[in-house]
Amino acid sequence: MKIPTPLYSHVYKYDDVYEPAEDTFLFLDALEDQADKIQSIAPKIVLEIGSGSGIVSTFIAKIIGSLASYFCTDKNPSANVCTRETGKINSVELLTVTTNFVEGLLPRLKNNVDVLLFNPPYVVTPSKEIADGGITFAWAGGTNGREVMDQFFPLIPELLSPKGLFFLVVIEENNPQDIIKTLDGLGLKGEIIKTRKAGLEVLSILKFSRS
Ligand SMILES: C[S@@+](CC[C@H](N)C(=O)[O-])C[C@H]1O[C@@H](n2cnc3c(N)ncnc32)[C@H](O)[C@@H]1O
């Protein structure tokens, strides 16, 4: 299945929104590879944490179609505005919420999310940078680049539906095998589905499900 890259040339207008980069494009490539698997579970609810420009949710909406609802959260309010614009330009309806991970949405979404997506802030930084705000939210991952994603992991079993799939972007420094082990402890089976070297980063996409 060949899905065109969504239109995103307007993103440059938003100074503090993460512009699609190598990690984003590897994520799109991995989702395209998984298109048959994703379609086979007939998703009804899709949730992206940290949607940034909105290009990832727009892309998955092109894979799945209009029968699903697309929820996008971001801590950065400008990202929500940009996500909505990206959806609109590409004729996709994206429902955006400015929040920390999924706060305020979890009761409604509990065990209802069929596809969960997160390209987290994964860069190794001093811990205090995580709270700097704006565009820093996009990359500052603290110790081992794991501090933000580690806070999110316990929420995954609460969000995923029985057939749900979770996709995560990581770099080598995050220790992908340790992440797979950590989520195994939460009842999720994981694997690396794509890896690519981009400059100094070795990026991977991980996929998790309940079985
Ligand atoms: C690496 S960017 C990814 C943006 C986009 N999804 C992409 O793939 O290009 C990470 C995004 O996560 C957001 N973010 C960071 N911490 C968050 C949190 N605790 N809750 C919600 N969003 C968060 C950032 O503001 C940023 O937009």
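Indexing begins at 1, ligand by ligand and atom by atom, following the structure's order.
Among all protein heavy atoms, the one lying closest to atom 27 (O) of ligand 1 is Asp74 OD2, 2.6 Å. For atom 19 (N) of ligand 1, the nearest protein heavy atom (residue, atom name, distance) is Asn100 OD1, 2.8 Å. The nearest protein atom to atom 1 (C) of ligand 1, hydrogens excluded, is given as Ala138 O, 3.1 Å; this is a heavy-atom distance. Nearest non-hydrogen protein atom to atom 22 (N) of ligand 1 is Lys75 N, 3.2 Å. Scanning all protein heavy atoms for the shortest distance to atom 12 (O) of ligand 1 gives Gly50 CA, 3.3 Å.
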With side chain to side chain donor-acceptor pair (under 3.5 Å) as the test, would you mind laying out the steps for Asp23 and Tyr122 before giving the verdict? CA-CA 10 Å; Asp23 50 340; Tyr122 55 64; 3.2 Å; yes
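Between Asp74 and Thr83, the closest side-chain pair of non-hydrogen atoms is not below 4.5 Å.
The environment of Gln39 atom CD is dense: over 12 non-hydrogen atoms of other residues, nucleotides or ligands sit within 6.0 angstrom. Other residues, nucleotides and ligands contribute over 12 non-hydrogen atoms within 6.0 Å of the NZ atom of Lys197. The environment of NZ in Lys37 is sparse: at most 12 heavy-atom neighbours from other residues, nucleotides or ligands sit within 6.0 Å. When the shell of 6.0 Å around CD of Glu191 is examined, it contains more than 12 heavy atoms from other residues, nucleotides or ligands.
Ligand 1 places these atoms under 4.0 Å from at least one heavy atom of Gly52: 4 (C), 27 (O). Ligand-side atoms of ligand 1 in range of Phe101: 18 (C), 19 (N), 20 (N), 21 (C), range being under 4.0 angstrom from any heavy atom. Atoms of ligand 1 lying under 4.0 Å from at least one heavy atom of Val56, given by number and element, are 8 (O). Interface of Asn76 with ligand 1, defined as ligand atoms under 4.0 Å from a residue heavy atom, comprises 25 (O).
At least one N or O atom of Thr24, backbone or side chain, sits closer than 3.5 Å to an N or O atom of ligand 1. Where the criterion is an N or O separation shorter than 3.5 Å, residue side chain and backbone included, Ala79 fails it with respect to ligand 1. For a threshold of 3.5 Å applied to N or O pairs, the pair formed by Glu48 and ligand 1 contains at least one separation below that value. For ligand 1, the polar-atom distance check against Asn119 finds a nitrogen or oxygen pair separated by under 3.5 Å. For ligand 1, the polar-atom distance check finds no N/O of Ile49 at less than 3.5 Å from any of the ligand's N/O atoms. Considering backbone and side-chain atoms alike, Asp23 places every N or O at 3.5 Å or more from each N or O of ligand 1.
Between the side chains of Glu103 and Thr99, no donor-acceptor pair of N or O atoms lies under 3.5 Å. A donor atom on one side chain and an acceptor atom on the other are not found under 3.5 Å apart for Asn90 and Thr58.
Between Lys62 and the choices Thr5, Val92, Leu31, the side chain to side chain contact (heavy atoms under 4.5 Å, CB included) rule is met once, by Val92.
Between Asp29 and Lys194, no side-chain nitrogen of the basic residue sits less than 4.0 Å from a carboxylate oxygen of the acidic one, so the salt-bridge criterion is not met.
Under the 4.5 Å side-chain heavy-atom criterion for ILVMFWY residues, a single connected hydrophobic cluster contains both Ile38 and Leu26.
The backbone and the side chain of Phe137 each have at least one atom closer than 4.0 Å to an atom of ligand 1 (non-hydrogen atoms only). Counting heavy atoms closer than 4.0 Å to ligand 1, residue Ser51 contributes backbone atoms (N, CA, C, O) but none from C-beta onward. Of all the heavy atoms of Thr99, the ones lying under 4.0 Å from any atom of ligand 1 belong exclusively to the backbone.
Under a 4.0 angstrom heavy-atom cut-off, Phe27 registers as lying outside contact with ligand 1.
Ring orientation note: the planes of Tyr8 and Phe25 are tilted relative to one another, at an angle of 30° to 60°.
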